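Since the model is a prediction, treat every value here as computed from it, not as a measurement.
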Amino acid sequence: MHLPLPPPPLLLLLAAVAAATTTFRPDWNRLQGLARARVETCGGQLNRLKEVKAFVTQDIPLYHNLAMRHLPGADPELVLLGHRFEELERIPLSDMTREEINALVQELGFYRKASPDEPVPPEYLRAPARPAGGTPDHADL
């Protein structure tokens with residue numbers, strides 16, 4: 001009888017690193033009716049998370065229908081909300097880079113302005129909400 005050899009330690013380490021750095025993928029079936037979002041975090045937590053802090057302080061003001069909410073002791077999360085402010089999903093942000101968070105928010109359909117005081121074009125006023133019965137941008141939505 002011949003038993004298979006265990007994987008080399010380097011291969012196990014690479015698999016663990018790949019699993020830990022996987023970007024969050026939203027469950028599009030749960031996100032029907034997505035209308036707005038907020039980032040919940042504690043200021044003290046932001047001091048140790050430079051990537052998330054940069055997103056919160058520099059990028060959130062550029063997004064329409066995306067707000068910041070300070071909660072004492074909270075780890076940073078993106079909270080996706082429906083039309084009646086019902087919670088659809090929570091996405092942890094601690095392990096994401098600023099670029100990954102921006103890509104996710106844009107993939108979710110949030111409109112990004114060039115400057116905080118720029119007006120939002122009429123077609124994006126309800127973004128990221130999609131009209132009822134409209135064709136979704138994602139085949140699995």
Side-chain angles (χ1 to χ4, degrees), residues 2-141:
H2 198 270
L3 295 174
L5 293 173
L10 180 58
L11 185 59
L12 290 174
L13 178 63
L14 290 175
V17 169
T21 59
T22 302
T23 303
F24 180 85
R25 301 301 307 157
D27 179 355
W28 293 108
N29 293 322
R30 291 186 61 198
L31 298 181
Q32 290 204 11
L34 176 63
R36 59 189 50 87
R38 68 178 177 252
V39 174
E40 294 182 347
T41 190
C42 168
Q45 297 283 31
L46 284 181
N47 289 333
R48 67 178 178 82
L49 301 168
K50 292 183 176 147
E51 293 281 330
V52 178
K53 183 175 184 175
F55 174 78
V56 167
T57 59
Q58 298 171 29
D59 298 327
I60 285 180
L62 300 175
Y63 285 102
H64 179 61
N65 283 338
L66 182 60
M68 174 66 197
R69 181 175 169 193
H70 290 279
L71 295 176
D75 284 332
E77 291 183 308
L78 177 64
V79 182
L80 303 177
L81 304 166
H83 295 285
R84 294 186 175 95
F85 294 92
E86 70 277 13
E87 188 175 305
L88 302 175
E89 188 157 358
R90 285 181 172 264
I91 303 168
L93 301 177
S94 298
D95 295 330
M96 296 176 73
T97 66
R98 180 180 180 186
E99 290 77 24
E100 289 171 332
I101 299 169
N102 273 296
L104 174 63
V105 170
Q106 289 175 20
E107 180 183 359
L108 290 169
F110 287 88
Y111 178 75
R112 183 179 168 114
K113 302 178 283 184
S115 67
D117 57 344
E118 176 184 301
V120 177
E123 63 271 22
Y124 293 106
L125 285 175
R126 295 191 51 193
R130 290 165 180 80
T135 306
D137 293 340
H138 300 278
D140 57 347
L141 181 60

Colleague: If you compare all heavy atoms of Gly109 against all heavy atoms of Ala127, which two are closest, and at what distance to 0.1 Å?
Modeller: O-CB, 3.7 Å
Colleague: May I have all residue pairs that pass salt bridge (Lys or Arg N to Asp or Glu O under 4.0 Å) and include part of residues 78-88, sequence neighbours excluded?
Modeller: Glu87-Arg90
Colleague: So, taking the atom named CZ in Arg98 and the one named NZ in Lys53, what distance separates them when rounded to the nearest 0.5 Å?
Modeller: 12.5 Å
Colleague: Run the side chain to side chain contact (heavy atoms under 4.5 Å, CB included) test against Thr97 and tell me which residues pass, sequence neighbours left out.
Modeller: Glu51, Glu99, Glu100
Colleague: Do Pro128 and Leu108 have side chains that approach each other closer than 4.5 Å (heavy atoms only, starting at C-beta)?
Modeller: no
Colleague: Among Leu78, Thr41, Asp75, exactly one meets side-chain contact (heavy atoms from CB on, under 4.5 Å) together with Leu93. Which residue is that?
Modeller: Leu78
Colleague: Return the set of residues passing side chain to side chain contact (heavy atoms under 4.5 Å, CB included) with Pro116 (not counting sequence neighbours), or none when no residue passes.
Modeller: Pro61, Leu62
Colleague: Give me each pair satisfying ring-ring contact (aromatic ring centres under 6.0 Å, His included) with a member in residues 90-121, each pair once, sequence neighbours excluded.
Modeller: Tyr111-Tyr124
Colleague: Could you walk me through whether Met68 and His70 pass the side-chain contact (heavy atoms from CB on, under 4.5 Å) check?
Modeller: CA-CA 7 Å; Met68 174 66 197; His70 290 279; 3.6 Å; yes
Colleague: Minimum heavy-atom separation for Val52 to Pro76, with atom names?
Modeller: CG1-CB, 3.8 Å
Colleague: Rounded to the nearest 0.5 Å, how far apart are CZ of Arg38 and CG of Leu71?
Modeller: 7.5 Å
Colleague: How far apart are the C-alpha atoms of Arg126 and His83, what are their side-chain angles, what is the distance that settles it, and do they pass the side-chain contact (heavy atoms from CB on, under 4.5 Å) test?
Modeller: CA-CA 10 Å; Arg126 295 191 51 193; His83 295 285; 3.6 Å; yes
Colleague: Which ring-ring contact (aromatic ring centres under 6.0 Å, His included) pairs, counting each pair once, include a residue from residues 85-106, with sequence neighbours left out?
Modeller: none
Colleague: With rounding to the nearest 0.5 Å, note down the distance linking CZ in Arg69 to CD in Glu40.
Modeller: 5.0 Å
Colleague: So which pairs with a foot in residues 109-120 pass salt bridge (Lys or Arg N to Asp or Glu O under 4.0 Å), sequence neighbours left out?
Modeller: Asp59-Arg112
Colleague: So which atom in Ala35 and which in Asn65 form the shortest heavy-atom distance, rounded to 0.1 Å?
Modeller: O-ND2, 3.5 Å
